[in-house]
Amino acid sequence: MAEVLEQLAKELFAGNAKAVAELTSKALTEGLKPSEILNDGLIKGMSEVGVKFKANEIYVPEVLIAARAMKAGMEILKPKLAESGVEPVAKMIIGTVKGDLHDIGKNLVAMMMEGAGFEIIDLGIDVPAEKFIQAVKENHPQVVGMSALLTTTMVQIRENIKAFQEAGVRNNVKVLIGGAPVTQKFTDEVGADGYAPDAASAVDKAKELLGIS
Ligand code: B1M
């Protein structure tokens with residue numbers, strides 16, 4: 001693999017946004033394909049972040065810093081990816097459920113998903129069922145992610161899934177859920193498709209649900 005891509009993955013893991021931006025430009029100047037820079041540079045670095053985060057070898061601040069570096073690289077790469085017709089892995093809508101204002105975990109999930117090549121539409125916090133449904137109808141995502149941090153708001157996930165069924169969109173999407181009080185048992189009870197305990201596992205679970213290796 002090109003040396004510049006190895007450096008890119010390394011600097012992304014280290015969260016060095018300036019170096020990531022420079023190396024992304026350098027890789028483009030060297031004539032590397034945008035898809036190669038994305039997969040073998042940026043995503044490779046971010047995957048490593050996911051692995052170490054899952055293993056508790058690095059923590060939330062390091063992930064946020066790496067995500068900022070990813071963003072710096074993506075700003076340069078995005079127009080080139082669009083020009084070269086590279087399709088995102090899949091589209092995901094994400095939001096924190098109605099009544100819930102916590103967004104740090106949800107943002108981390110969104111960043112890791114983006115880092116894995118997903119296109120993310122972030123609906124923000126305090127998202128009512130109707131807003132999720134409208135976004136599904138307008139954007140046709142493959143995955144809808146719902147985050148809840150309170151025992152009083154996690155029940156909203158059940159309501160959202162019911163509302164999806166009533167609106168006739170439930171079968172169009174995989175519903176992935178998470179947040180501190182959410183468990184696999186709860187996921188099974190409310191009929192969501194998948195649960196992830198952390199941001200790195202969310203990437204793995206979304207891919208598993210979509211049959212992407
Ligand atoms: Co709040 N809060 N908070 N809070 N807050 C908790 C959640 C709480 C456990 C604190 C406590 O009492 N020990 C408690 C909930 C108790 C419960 O319901 N069991 C609580 C409470 C009670 C409240 C208020 C009601 C307090 C009050 O006003 N009396 C209030 C509610 C406001 C509301 O939402 N309506 C409130 C407010 C706030 C702040 C606004 C001050 C602030 C949020 C700021 C923000 O998010 N922008 C806040 C914070 C920071 C916390 C704690 C301290 C930290 C949450 C956090 O960001 N963790 C939290 C205590 C704690 O968790 N230790 C607490 C870091 C983050 C990376 O982890 O969000 O778990 P987490 O996300 C993880 C995983 O859960 C998972 O991946 C993430 C990354 O690995 N994940 C997903 C999350 N979403 C996922 C989605 C997925 C998959 C995985 O798929 C789609």
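Numbering of ligands and ligand atoms starts at 1, following listing order. For this chain, numbers begin at 1 and follow the sequence in order.
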Would you mind telling me if ligand 1 is within reach of the side chain of Leu176, the backbone, both or neither, using heavy atoms under 4.0 Å?
both

What is the nearest protein non-hydrogen atom to atom 35 (N) of ligand 1, stated with its residue, atom name and distance?
Gly99 O, 2.9 Å

Is any heavy atom of the protein nearer than 4.0 Å to atom 80 (O) of ligand 1?
yes

For the side chain to side chain contact (heavy atoms under 4.5 Å, CB included) test, which of Met46, Lys44, Glu48 pairs with Leu12?
Met46

Side chain to side chain contact (heavy atoms under 4.5 Å, CB included) with Met113: of Leu108, Ile120, Val89, only one passes, and it is Ile120

Could you see which bit of Thr151 sits under 4.0 Å from ligand 1, with heavy atoms only: side chain, backbone, both or neither?
both

Kindly indicate whether the side chain of Pro181, heavy atoms from C-beta on, has any atom under 4.5 Å from the side chain of Met154.
yes

Atoms of ligand 1 under 4.0 Å from any heavy atom of Val60, numbered from 1 in the order shown, are 67 (C)

Against heavy atoms of Leu108, which atoms of ligand 1 measure under 4.0 Å?
67 (C), 79 (C)

Ligand-residue contact atoms, ligand 1 with Gly145, heavy atoms, under 4.0 Å
91 (C)

Tell me, please: is Pro181 in heavy-atom contact with ligand 1, that is, under 4.0 Å?
no

Looking only at non-hydrogen atoms, the one of Gly179, Gly105, Ala148 nearest atom 72 (O) of ligand 1 is Gly105

Return a yes/no value: protein heavy atom under 4.0 Å from atom 15 (C) of ligand 1?
yes

for atom 89 (C) of ligand 1, nearest protein heavy atom and its distance come out as Ala196 O, 3.1 Å

Any protein heavy atom nearer than 4.0 Å to atom 57 (O) of ligand 1:
yes

For atom 61 (C) of ligand 1, is there a protein heavy atom at a distance under 4.0 Å?
no

Within a distance under 4.0 Å of any heavy atom of Phe53, pick out the atoms of ligand 1 and give their elements.
80 (O)

The atoms of ligand 1 lying under 4.0 Å from a heavy atom of Asp198, numbered in the order shown, are 76 (C), 77 (O), 80 (O)

Nearest candidate to atom 3 (N) of ligand 1, where distance is taken over non-hydrogen atoms, out of Met146, His102, Lys98, Met111
His102

Pairs of nitrogen or oxygen atoms closer than 3.5 Å, one from Ser147 and one from ligand 1: do any exist?
yes

For the 3.5 Å polar cut-off, considering only N or O atoms, please tell me whether Ala202 and ligand 1 meet it.
no

Non-hydrogen atoms of Tyr195 versus ligand 1: any pair closer than 4.0 Å?
no

Could you check whether atom 74 (C) of ligand 1 has a protein contact, counting only heavy atoms that fall below 4.0 angstrom?
yes

Element-labelled atoms of ligand 1 that are located less than 4.0 Å from some non-hydrogen atom of Asp100
34 (O)

Heavy-atom proximity to atom 76 (C) of ligand 1, best of Gly178, Ala110, Pro197:
Pro197

Non-hydrogen side-chain atoms of Glu62 and Phe13 separated by less than 4.5 Å:
no

Taking every heavy atom of Ala148 against every heavy atom of Val97, the minimum-distance pair comes out as CB-CG2, 3.8 Å

Verify the contact flag for atom 48 (C) of ligand 1, where contact means a protein heavy atom under 4.0 Å away.
yes

Under 4.0 Å from any heavy atom of Asp103, which atoms of ligand 1 are there?
45 (C), 46 (O), 47 (N)

Close side-chain approach of Asn107 and Val109, heavy atoms under 4.5 Å:
no

When rounded to the nearest 0.5 Å, the distance separating CG of Leu8 from CD1 of Ile43 is 11.0 Å

Taking atom types as modelled, find out whether Asp198 and Ser201 have a side-chain donor-acceptor pair closer than 3.5 angstrom.
yes

Evaluate the side-chain contact (heavy atoms from CB on, under 4.5 Å) criterion for residues Asp100 and Asp126: first the C-alpha distance (whole Å), next the side-chain angles of each, then the deciding distance (0.1 Å), finally the verdict.
CA-CA 5 Å; Asp100 201 320; Asp126 192 17; over 6 Å; no

Tell me whether atom 67 (C) of ligand 1 lies less than 4.0 Å from at least one protein heavy-atom position.
yes

Donor-acceptor side-chain pairing of Gln7 and Glu11 below 3.5 angstrom:
no

Within the protein, is there a heavy atom lying under 4.0 Å from atom 8 (C) of ligand 1?
no

Hey, does Ile177 sit under 4.0 Å from ligand 1 if you only count heavy atoms?
yes

Counting heavy atoms only, name the option from Val109, Leu150, Ile104 that's nearest to atom 23 (C) of ligand 1.
Leu150

Examine distances only and state if a side-chain atom of Tyr195 and a backbone atom of Leu176 form a donor-acceptor pair shorter than 3.5 Å.
no

Min side-chain heavy-atom separation Arg68-Leu64 under 4.5 Å:
no

of all protein heavy atoms, closest to atom 34 (O) of ligand 1 is Leu101 N, 2.7 Å

How far does CD of Glu166 sit from CD of Glu159, to the nearest 0.5 angstrom?
9.0 Å

Are the side chains of His102 and Ser147 in touch, meaning some heavy atoms are under 4.5 Å apart?
no

Does any non-hydrogen side-chain atom of His140 lie less than 4.5 Å from one of Val173?
no

N or O pair under 3.5 Å between Met92 and ligand 1
no

With the side chain counted from C-beta on, respond yes when Ile94 and Lys106 share a heavy-atom pair under 4.5 Å apart, and no when they do not.
yes

